[in-house]
There are 2 protein chains.
Amino acid sequence: MTLEQVARHAGVSLATASRVINGSTRQVGEKLRERVTASARELGYLANASAQTLARNTSSLVGLIVHDISDPYFSSIAAGVTGCAEQEGLIVVLGTTGRAPQRESDLLATLRSHRARAVVLAGSRSIDEESTRRLSAEIAMFTRQGGRVACVTQEGLPADTIVPDNHNGAAALARHLIAQGHHRFAILAGPTDLRTARDRLDGFHAALSNAGIELAHHNVVHGAFTRDGGYESTRRLLAAGTDATCLFVVNDVMATGAMAALRDAGLRIPQDLSVAGFDDIPTLRDLTPALTTVRLPLEWMGEEAARLALREEHAASPRVIPVLGEVVQRESTAPPSQA
Amino acid sequence: MTLEQVARHAGVSLATASRVINGSTRQVGEKLRERVTASARELGYLANASAQTLARNTSSLVGLIVHDISDPYFSSIAAGVTGCAEQEGLIVVLGTTGRAPQRESDLLATLRSHRARAVVLAGSRSIDEESTRRLSAEIAMFTRQGGRVACVTQEGLPADTIVPDNHNGAAALARHLIAQGHHRFAILAGPTDLRTARDRLDGFHAALSNAGIELAHHNVVHGAFTRDGGYESTRRLLAAGTDATCLFVVNDVMATGAMAALRDAGLRIPQDLSVAGFDDIPTLRDLTPALTTVRLPLEWMGEEAARLALREEHAASPRVIPVLGEVVQRESTAPPSQA
DNA sequence: TACCTCTTGGAAAACATTTTCCTGGACGAT
DNA sequence: ATCGTCCAGGAAAATGTTTTCCAAGAGGTA
């Protein structure tokens, strides 16, 4: 089972066997090469990955860090990352943070201790200074050790990043909805300390201001970035009473919860209230009514992040790949009824 | 950065440093222990995981093999597995097969070469003899090498298994639907060579027979085990014409596609046709109408499989943990209209 | 033929740990 | 006091590769 046994069985040295099995820069003569491969097959040799990692000081592991793998947003990205990694013959290790900022740097340290070749950090980052600093430091150590890091959505870290244009996407959506005839809006704005949520809120808000539309304070509700957060935020919005004809929810997962809450409250979508989301997660197209949203190419973003970390040459300074969102009009938004 | 440097810095031997950092069976005196921990912290020491794996001949990796991580069925199970693994301080490596039976044994070999401590095989197994034999052999080598294997759904392999009672679950669903007044059924039966799909079909069929209900051959349609497979199967069913008042789809992901196809064809659910699925994936509750199904505790199944592979003592012979499915009545099924 | 270069093979160092085995001292019992 | 037992600490072997360095032979050129 060890390479030494293979070498002995083939009657060659350990060095030669090693060169044959993984093909180094050095050549090995035809005869010996065949003897070695034959012996390896015959003995059912399987290389010891940890020994290789130790000797080479780099492994075939690629890290993927997400908040919650059962969230369709992250599982779409994960599908992209695994697809790309497996093409390269690498294996992906999946870390989940449960949205604890601390976990992110801890996982990165673990991956460093495993000599992971690269890591993809997905998931929107908290605005918290302290955890960002820790994370940046950890990324620096990871790259110094030879690893590569790519982020999805986490602008501002010392690594290549895929950045959806949240601000302009939300603004475009706002303009679309205004063109549809809406001028009284409510917003489920997600957590206050999440960069992504804030950018989408700001973009939407800016477009409204541009069109001369004021947004009443009580029409902006903050809450968790999850389905249940969306449900609960909606209940609060309705309890406070709202005059809006259109509800913008800063991500689709929350919007799904919002729709459930509206349905439970007996409101019809879009007749009583239009609803729009952001992301275009795959499960969306099966909701009724189908949700108007801003499409992000999630799986592609995962792939691209992995490609960035694996294939591309290491750039001197962090690159930023912007991704545009495209407004997708579906049945959940319609011109406001002439009440 | 190496343990030797830490040892030198603390003025102790390598052995002592090792014993302090990871706590072996041996004791280390108070004074030395403190010197070592202080040095480690001061130097920012991080253990080299591959060296540890090599020396210990076991790693902190847990494998998880699924067909497609963006499928909610698998991502729910994955959430359970990662949850349990991370509790134990282990990290999970995610392998996706894309439903190629060959990939499954290849991934298992890779995990063996990494000295993974355990692996969870999720995903229904093909009926194919050859690939099952290969997989069994690979599992045997994995366990012989000290690793543990647990399966979800893959009965018949030499490993502990979580087995949903597909047969009786489907039968219970059939009885429920019959009690609701249906007696003309159609079935989207999934792939012919998938054990899970076949068991559910058989169970449903058996309950119908028991009730004296015949199932016309043209009312059973086979197709891919995916959303699009469900969509396409439904189109074929409708194209052929059906007199059924109730459609049973062997899994929820397919059922989601089926509902879309029915909607596109202008059929109302449940007025024109009742629809029922199987699994109870989380996205289901947001469909309209919400889908009647057989609930499986997916996340729990993942957790339990991981627990089986990590915590339990190794049993002499493979254990089988049966999981009962519970019929969940929602709005997608109703008594047939008196046409 | 002598010298130089190039190629192929092997011996051994290097990688960073864990663990076995040995040594010396402390302590308790006879 | 002597022996035996236990315990903390260290030296070194062991884990399975890769890779550097050396040697020997082949082939080409002066």
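Just so it is clear: chains get the letters A, B, ... in the order the sequence lines come, proteins before strands, and each one is counted from 1. As a basis for the values below, the full set of heavy atoms in this structure was taken, side chains included, without hydrogen atoms, waters or symmetry mates.
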| query | Contact class for A:S18 (heavy atom, under 4.0 Å): base, sugar-phosphate, or nothing? | reply | base

| Is the side chain of B:T2 donor-acceptor paired with the backbone N or O of B:E4 at a distance under 3.5 Å, no angle test? | yes

| For B:A7, which residues count as a side-chain contact (heavy atoms from CB on, under 4.5 Å) partner, sequence neighbours excluded? | B:V12, B:A17

| Of all residues at least two apart in sequence or in a different chain, which pass the side-chain contact (heavy atoms from CB on, under 4.5 Å) check with A:Q102? | A:S105, A:D106, A:R134

| Quantified as the angle between the terminal helix axes (five pairs each), what is the overall bend of the helix from C:dT1-D:dA30 to C:dT30-D:dA1 to 10 degrees? | 50°

| field | Donor-acceptor pair between A:Q27 and A:R33 side chains, under 3.5 angstrom | value | no

| message | Test your reading of the model: is there a side-chain donor-acceptor pair from B:R117 to the backbone of B:S59, 3.5 Å cut-off? | response | yes

| field | Along DNA chain C, first and last positions that approach a heavy atom of chain A under 4.0 Å | value | C:dT8 to C:dA16

| query | Who pairs with B:S13 by side chain to side chain donor-acceptor pair (under 3.5 Å), at least two apart in sequence or on another chain? | reply | B:T16

| request: Only counting residues at least two apart or in another chain, list the ones meeting ring pair (Phe, Tyr, Trp, His ring centres under 6.0 Å) with B:F74. | output: B:H67

| message | Whether the side chain of B:T96 engages the backbone of B:L94 through a donor-acceptor N/O pair (distance < 3.5 Å, no angle test) should be reported. | response | no

| note | Those residues at least two apart in sequence (or on a different chain) that pass side chain to side chain donor-acceptor pair (under 3.5 Å) with B:D128 are B:S131

| task | With rounding to the nearest 0.5 Å, note down the distance linking CD in A:E304 to CD1 in A:I321. | result | 6.0 Å

| request: Would you please name every residue forming a side-chain contact (heavy atoms from CB on, under 4.5 Å) with B:T153, sequence neighbours left out? | output: B:Y73, B:S124, B:P164, B:T196

| request: Answer with yes or no whether the side chains of A:E299 and B:S70 bring together a donor and an acceptor at under 3.5 Å. | output: no

| query | In residues 25-32 of chain B, what residues come within less than 4.0 Å of DNA chain C, judged by heavy atoms? | reply | B:R26

| For DNA chain D, the residues among residues 47-62 of chain B that have a non-hydrogen atom under 4.0 Å from it | B:L54, B:A55

| note | Assign each of A:L14 and B:T16 the nucleotide of DNA chain D bearing its closest heavy atom; nearer the 5' end lies the nucleotide of B:T16

| query | Can you check whether B:N48's main-chain N or O pairs, donor with acceptor, with A:R115's side chain at less than 3.5 Å? | reply | no

| Audit row: B:R133, B:E129, salt bridge (Lys or Arg N to Asp or Glu O under 4.0 Å) steps and yes/no | CA-CA 6 Å; B:R133 207 186 45 68; B:E129 282 287 335; over 6 Å; no

| request: Return each pair, listed once, that meets ring pair (Phe, Tyr, Trp, His ring centres under 6.0 Å) where at least one residue sits in residues 77-123 of chain A; pairs must be two or more places apart or across chains. | output: none

| remark: Students should find that the nucleotides of DNA chain D closing off the region near chain B, any atom under 4.0 angstrom from a heavy atom, are D:dA8 to D:dG16

